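Report on one structure; see the data block that follows.
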Amino acid sequence: MDQGARSGVRPRWVWSDTAAWLPQLLAAGVRVMRCHDLRLSHAILQRSILVPDRRALAAAIQWEAESVVPAIATAPTLFDAETVSGGSRSVPHDLDPALEEFERQQTALAAAKDPGKLRFLLAAESAGALAAAEMEAAGVPWDAAEHDRLLEEELGPRPARGEKPSRMLAVAEEVRAALGDPRASLDSAPKLLRALRAAGIDVKSTSRWELAEHEHPAIAPLLHYKKLSRLHTANGWAWIDEWVREGRYRPVYVPGGVVTGRWASSGGGALQLPRQLRPALRADPGWTLVTADVAQLEPRVLAAMSGDRAMAAAGAAKDLYAGVVDSGAVQSRDEAKIAVLGAMYGATTGDSGRLVPRLRRSYPAAMALVDHAAALGEQGGVVSTRLGRSSPEPDNAWRELQARASMPGATSRDEDQARRAAREFGRFTRNFVVQGTAAEWALSWIAELRLQLAKFEPAGVPAPASGPVFERAPHLVFFLHDEIIVHTPQECATEVAAAVEAAAVTAGRRLFGSAPVDFPLDLKIAERSVKD
DNA sequence: TCTATAGGCGCG
DNA sequence: AAAGCGCGCCTATAGA
């Protein structure tokens, strides 16, 4: 417990693993506003090059565990530390090891190069873990009937278990007819490839992009079939049965699941919900949804962290890509997008690779930052985000490859492989600084937002009959890298929208101070709830 | 029979 | 037919 408790503010709880503790607290009606997640913090500090001596942290290998948390329904009794741990690998949940680890982390922070940044990062990471657990508890308001309607519109009536939808079968017949092969298999890539070749379509793979290049009557229905097949298998009726209960879709978020600091997900495909199905995401009666996403978050982050005034100026209007066109670097918005993405991903060939050098002239500071990050990676070095999350070092296989290529007897194949691997790792570190800092911006955004949302009074609201207290007030229900959705009583929607905006401004300030970079939101309040 | 991998595609 | 980053999930197929 820190200063917060003494000053009358709510305490910052220090605990082993938010995902293991919070669900039970929420179920018991306890709201936790701030915490220090030892597992997530360990992962950051143990790797951060801002921490000069990481030996003690590295030695505490029990804190390396990627926690595997039991489902809420099977969660053990609160404070039963022996059994709180979930799957096979979880961090220690007892008090003593937690205190020892907290001590190690405080020591590391005290010696860190830029402790303020790291402290903020740990707070944001921990707040993200709280937000994730709260979102899992709340669930995404999901209209299964609307989802079903969308499926029927595309696929035809719901088929029997294990059967393919009628529309898929019909389209498959069209493909077979066009191929002149009544027995062609469309679900097996190798078989489909053979069937396509037999019909005179010369492709190396069956991917959508390559197929689209060819003119043949079978192509259009085949692409349609693939589309339907994807919808049916990934987000069809089986998905509804498995993931939607009582009007809620409950995804499983994994905060810190990506080395860059982005969240991952496990189960339910929360990070891959097709846009096609977003209409099924629908507020409860009397409630509405406030949705917001940041236009071109990553290039704006790059402009801010590199202090590139020209790129910041390009993003001054809402559309950064339009700003890049106006600067004269490229001709069209499409080119601007391809060039900017290519710059951040390390494109070297094709349209993208051709356009990137133009950016180097117009935005030298921004390009220097990513080029430097790439150069470090190619040498096997480590790079860091704005707040001090550092990239992993290359593995032993990578080092051996580089070593072999510089030995006297190295073949040109050795050299090729080593160069390829070096470039690949350079692209990773190039992107790491941008993607990772963008993730920090987004974490700061939701961390600030959930504090603001907690201030909304639940009075006069048609409250849910049961469930965590925060569900009676506006609350986050969805987060995906650069976008959020808040479920809110209708009468609060305007204020919530303002809070979302304000939190974005705060996030920008916290990360980049007074840098002249805007993070404009595409912000919407859903017009209606069909159930009303 | 079970598990691991690759191909493909959804998201940012 | 991805180029050019980061993910997860599904299916078919190869391998143990």
Side-chain angles (χ1 to χ4, degrees), chain A residues 162 164 185-194 201-214 219 222-223 225-236 238-239 242-243 251-278 293-299 301-302 337-356 359 370 373-374 377 383 385 389 391-392 420 423-439 441-442 478-484 522:
Chain A
K164 283 180 184 166
S185 163
L186 308 189
D187 298 318
S188 159
K191 288 179 186 166
L192 176 58
L193 192 60
R194 280 197 290 277
I201 306 170
D202 183 28
V203 284
K204 291 195 198 60
S205 78
T206 64
S207 74
R208 188 157 47 88
W209 289 107
E210 190 175 359
L211 290 170
E213 298 285 298
H214 289 79
I219 300 295
L222 178 53
L223 294 178
Y225 179 86
K226 282 168 163 277
K227 194 98 186 153
L228 297 182
S229 173
R230 168 81 193 187
L231 178 63
H232 175 59
T233 57
N235 295 99
W239 183 92
E242 187 173 359
W243 294 101
V252 179
Y253 291 109
V254 185
V258 181
V259 283
T260 59
R262 274 188 175 185
W263 292 7
S265 73
S266 128
L271 275 47
Q272 313 145 247
L273 270 187
R275 292 233 153 240
Q276 192 182 6
L277 292 181
R278 293 290 173 91
D293 65 273
V294 196
Q296 303 114 21
L297 174 59
E298 292 192 354
V301 159
L302 174 56
K337 186 173 180 176
I338 289 170
V340 169
L341 290 176
M344 295 186 303
Y345 295 164
T348 54
T349 63
D351 288 347
S352 190
R354 185 171 52 77
L355 291 166
V356 171
L359 294 187
V370 287
V383 297
T385 60
R389 192 191 305 260
S391 62
R420 229 194 324 276
R423 294 243 168 91
E424 191 179 326
F425 203 70
R427 287 195 301 275
F428 165 64
T429 52
R430 169 191 292 271
N431 187 247
F432 183 95
V433 294
V434 180
Q435 186 182 117
T437 304
W441 184 94
F478 192 66
F479 170 59
L480 180 53
H481 307 319
D482 62 359
E483 64 179 282
I484 53 110
D522 197 351

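Here is how names work: the chains are called A, B, and so on, in the same order as the sequence lines, proteins then strands, and each is numbered from 1. Quick note: numbers below take in every heavy atom, side chains included, and nothing from hydrogens, waters or symmetry partners. The shown structure was predicted, so the numbers you read here are calculated from the model rather than taken from an experiment.
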Answer yes or no: does atom NZ of A/K337 have more than 12 heavy-atom neighbours from other residues, nucleotides or ligands under 6.0 Å? no
In terms of side-chain heavy atoms of A/R262, which of C/dC9, C/dA1, B/dG12 is nearest? B/dG12
In whole angstroms, how far is the P atom of C/dA1 from the CD1 atom of A/I201? 16 Å
Indicate, with a heavy-atom threshold strictly under 4.0 Å, whether A/L211 touches base, sugar-phosphate, or nothing. nothing
Whole angstroms only, please: what is the OH-P distance between A/Y345 and C/dG4? 13 Å
In whole Å, I'd like the distance from the CH2 atom of A/W441 to the P atom of B/dG12. 16 Å
Measure from the side chain of A/K227, starting at C-beta and using heavy atoms only, and say which of B/dG10, B/dG12, C/dG6 lies closest. B/dG10
Tell me whether the OP1 or OP2 atom of C/dG4 has a side-chain N or O from A/T349 closer than 4.0 Å. yes
Shortest non-hydrogen contact from A/L359 toward A/A343: CD1-CB, 4.0 Å
Aromatic ring pairing A/W263/A/Y253, orientation class (parallel under 30°, perpendicular over 60°, tilted between): perpendicular
Between C/dA3 and B/dT5, how far is it from one C1' atom to the other, in whole Å? 24 Å
Checking B/dC9, C/dG6, B/dG10 against the side chain of A/K226 (C-beta onward), the nearest is B/dC9
A/Q272 CD - C/dC9 P separation (whole Å): 6 Å
Nearest heavy atom decides the nucleotide; on that basis, is A/A347 or A/E213 closer to the 5' end of DNA chain C? A/E213
Reading DNA chain C from 5' onward, which residue's closest nucleotide shows up sooner: A/G267 or A/T348? A/T348
Regarding A/G268, tell me which of base, sugar-phosphate or nothing describes its non-hydrogen contacts under 4.0 Å with the strands shown. sugar-phosphate
Is there a donor and acceptor pair, one atom on the side chain of A/R230 and one on the base of B/dC9, closer than 3.5 Å? yes
Mind running side-chain contact (heavy atoms from CB on, under 4.5 Å) on A/Y345 and A/V434 for me, showing each step along the way? CA-CA 9 Å; A/Y345 295 164; A/V434 180; over 6 Å; no
Return the CG to CG distance between A/L355 and A/L341, rounded to the nearest 0.5 Å. 11.5 Å
With both distances under 3.5 angstrom, what nucleotide forms a Watson-Crick or G-U wobble pair with B/dG7? C/dC10
Grab the two heavy atoms, one from A/E298 and one from A/A438, that are nearest each other, plus how far apart they are. CG-CB, 3.8 Å
Aromatic ring pairing A/F428/A/F432, orientation class (parallel under 30°, perpendicular over 60°, tilted between): perpendicular
Could you state the atom-to-atom distance from NZ of A/K204 to C1' of B/dG8 in whole Å? 17 Å
Which whole-number value in Å describes the distance from A/N235 CG to C/dC10 P? 9 Å
Just to be sure I understand the rule, does A/G346 reach a base, reach only the sugar-phosphate, or reach nothing, if contact means heavy atoms closer than 4.0 Å? sugar-phosphate
Salt bridge or not for A/K204 and A/E213, using N-O below 4.0 Å? no
Atom pairs, N/O to N/O, protein against nucleotides 4-7 of chain B, distance under 3.5 Å?
none

Once you apply a heavy-atom cut-off of 4.0 Å, does A/E483 come out as touching a base, just sugar-phosphate, or nothing? sugar-phosphate
A/S188 has its side chain closest, among B/dC9, C/dA3, C/dT13, to C/dT13
Rounded distance [0.5 Å steps], CG in A/L271 versus CZ in A/F479: 9.0 Å
Once hydrogens and angles are ignored, does a donor-acceptor distance under 3.5 Å link the base of B/dG10 to the side chain of A/R275? no
Candidate nucleotides C/dG6, C/dA12, C/dA2, ranked by approach to the side chain of A/D187 - the nearest: C/dA12
Among C/dC7, C/dC5, B/dC9, which nucleotide has an atom closest to any side-chain atom of A/F428? C/dC5
If I pick the C1' atom on C/dA1 and the same atom on B/dG7, what distance separates them, to the nearest angstrom? 14 Å
How close or far is atom P of C/dC9 from atom CG of A/L271, stated in whole angstroms? 9 Å
A/I484 CD1 to B/dG12 P, straight-line distance once rounded to whole Å: 15 Å
